[in-house]
Amino acid sequence: MFSSLKDKVGQVLLPGDEFSFQADDTISLSGPVKPEKMVCGPGLRRSGDRLLVCKSGVLRHKPPNMFWMDSQQRRYVPVKGETVIGIVTVKSGDVFKVDFGGSEQASLSYLAFEGATKRNRPNVQVGDLVFAQFLVANKDMEPELVCVDSVGRANGMGVFGSGGLLFTVSLGLVRRLLAPHSDVLQDLQQLFPCELVVGMNGRLWVKSSSLQRTLVIANLLQSCDTMTAPQRQTLFRRVAQGAL
Amino acid sequence: MEVYGSSGVSLREFGCEQSLLSRPDGSASFIQGDTSVLAGVYGPAEVKVSKEIYDRATLEVLMQPKVGLPSVRERSQEQCVRETCEASLLLSLHPRSSLTLILQVLHDDGSLLSCSLNAACMALMDAGLPMSCLFCGVTCAIDTEGRIITDPTAAQEKESRALMTFAIDSKEHRVLMSATKGSFSVNELQQCIAVSQSASEKIFQFYRDSVRRRYSKTL
């Protein structure tokens, strides 16, 4: 049933392309008939028995039945459960306003930190960076961030320490960095040790042993966007051999 | 930069480059012959309270001429582009936010409106905004002897008796917007629409090749 869609996996599709799913003409009477379900990811929309593409990009597939469009964009649209790097802009009463690069600012409660109580407030100042997760993110409501997981643990989230460098890259590169066995990350690991925080909103934070190394990593990551894998590997090798 | 040769319905050579600006969320430049337009898209971003629409995004189109300040001519072209974009974008997916499309005219050698439409479509696609279909612009001129010239230059526009620009959608090749000038018969209008529809297929094929080339590094 998905054969027409599976043929297109890995190809570039444009908005307006559509697939139609007609039920099979023949139904097997012997075996049990299981209805096939599919999961549409970002960039795909269902309309009746047709599937419409609404973003340009590459069609991706994850067995058994997950499909989505992989596109290069710069503006972040919040999604529930994703982790982002935000900047605290306003501190008012019991909520902080956090800028995460979307269309409006998200709210972050002062109780949504590990170990925070009404007595014991977290130490957050305006201008601080926070690594947080979306608890509420839909188009009709104000997005809400939390710095704890479902059992109340920080789990790596919270306010950033001093030092380090924040910069932005495209959302496509972020997804490539966060993918399991990411080739970009593997190339970077061979270079020098560093601390790297990746926000799904395209913001990256890097800290290394020296300022110079931090800047080198930041520049390398920013240039990864426009390079093919062999180009990237030769560049990383040149830096590793001591081009600094 | 890609160039597409012309055959059949004669269009001038056209070329396009996507995400060439670093600051906007999406950008594209489109070149048709000597006409060239640069487009930048910002959004979905924060919206002014006075312009907020509760169930869809606010789309603003700004057109900057090559020299001087925008005037009545730019205003009318802005409106044509805005209404075309509103027809193809799925604005209800980003309520209470603003989309800004800025079109900078780099050089005008005829068919400016259709070039702006093409640049706008490529920039919106580059920004990754949800769209129900693509659109393209085609300009037709009818000269004094009644011949139809597609994608005319500024000199051909000046000598023409009538000038029409159509925005065509990619799904059913229907007319989304039309802007006309001069006098013509109903028959001529129908002919021009038919010519534009066949020309649009060439432009949509170019869009596809252009986007494919852009994603070739991440395939």
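Chain letters run A, B, ... following the sequence lines, proteins first and then strands; every chain starts at 1. Just so we're clear, the structure is a prediction, and the values are computed from it rather than from any experiment. Computation of the quantities below employed the complete heavy-atom set of this structure, encompassing side-chain atoms and omitting hydrogens, waters and symmetry-equivalent molecules.
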In terms of heavy-atom proximity below 4.5 Å to chain A, should [X] be classed as side chain, backbone, both, or neither?
X      : value
B/Y207 : both
B/S92  : backbone
B/L129 : backbone
B/A127 : backbone
B/S132 : backbone
B/S22  : backbone

- request: Just give me the residue among A/E104, A/R45, A/M227 that pairs up with chain B most often, heavy atom to heavy atom, under 4.5 Å.
  value: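 Most pairs with chain B among the choices: A/R45.
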- prompt: Picking from A/M69, A/Q231, A/R176, A/R75, which has the most non-hydrogen pairs under 4.5 angstrom with chain B?
  reply: A/R75
- prompt: Does any non-hydrogen side-chain atom of B/S170 lie less than 4.5 Å from one of A/L14?
  reply: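 No, every pair of side-chain atoms sits at 4.5 Å or beyond.
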- prompt: Does the side chain of B/S19 reach to within under 4.5 Å of the side chain of A/R74, using non-hydrogen atoms?
  reply: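 SC-SC contact between B/S19 and A/R74 confirmed.
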task: Please look at A/V53 and chain B and tell me whether the side chain, the backbone, both or neither of the residue comes under 4.5 angstrom of a heavy atom of that chain.
output: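 Just the backbone, heavy atoms under 4.5 Å.
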- prompt: Where does A/D70 contact chain B at under 4.5 Å (heavy atoms): side chain, backbone, both or neither?
  reply: backbone
- request: Please check if the side chain of B/Y215 supplies one atom and the backbone of A/Q72 the other of a donor-acceptor pair under 3.5 Å.
  value: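 Between the backbone of A/Q72 and the side chain of B/Y215 there is a qualifying donor-acceptor contact (under 3.5 Å).
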query: Which value, rounded to the nearest 0.5 Å, describes the distance between A/S103 atom OG and B/E46 atom CD?
result: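 Answer rounded to 0.5 Å: 7.5 Å.
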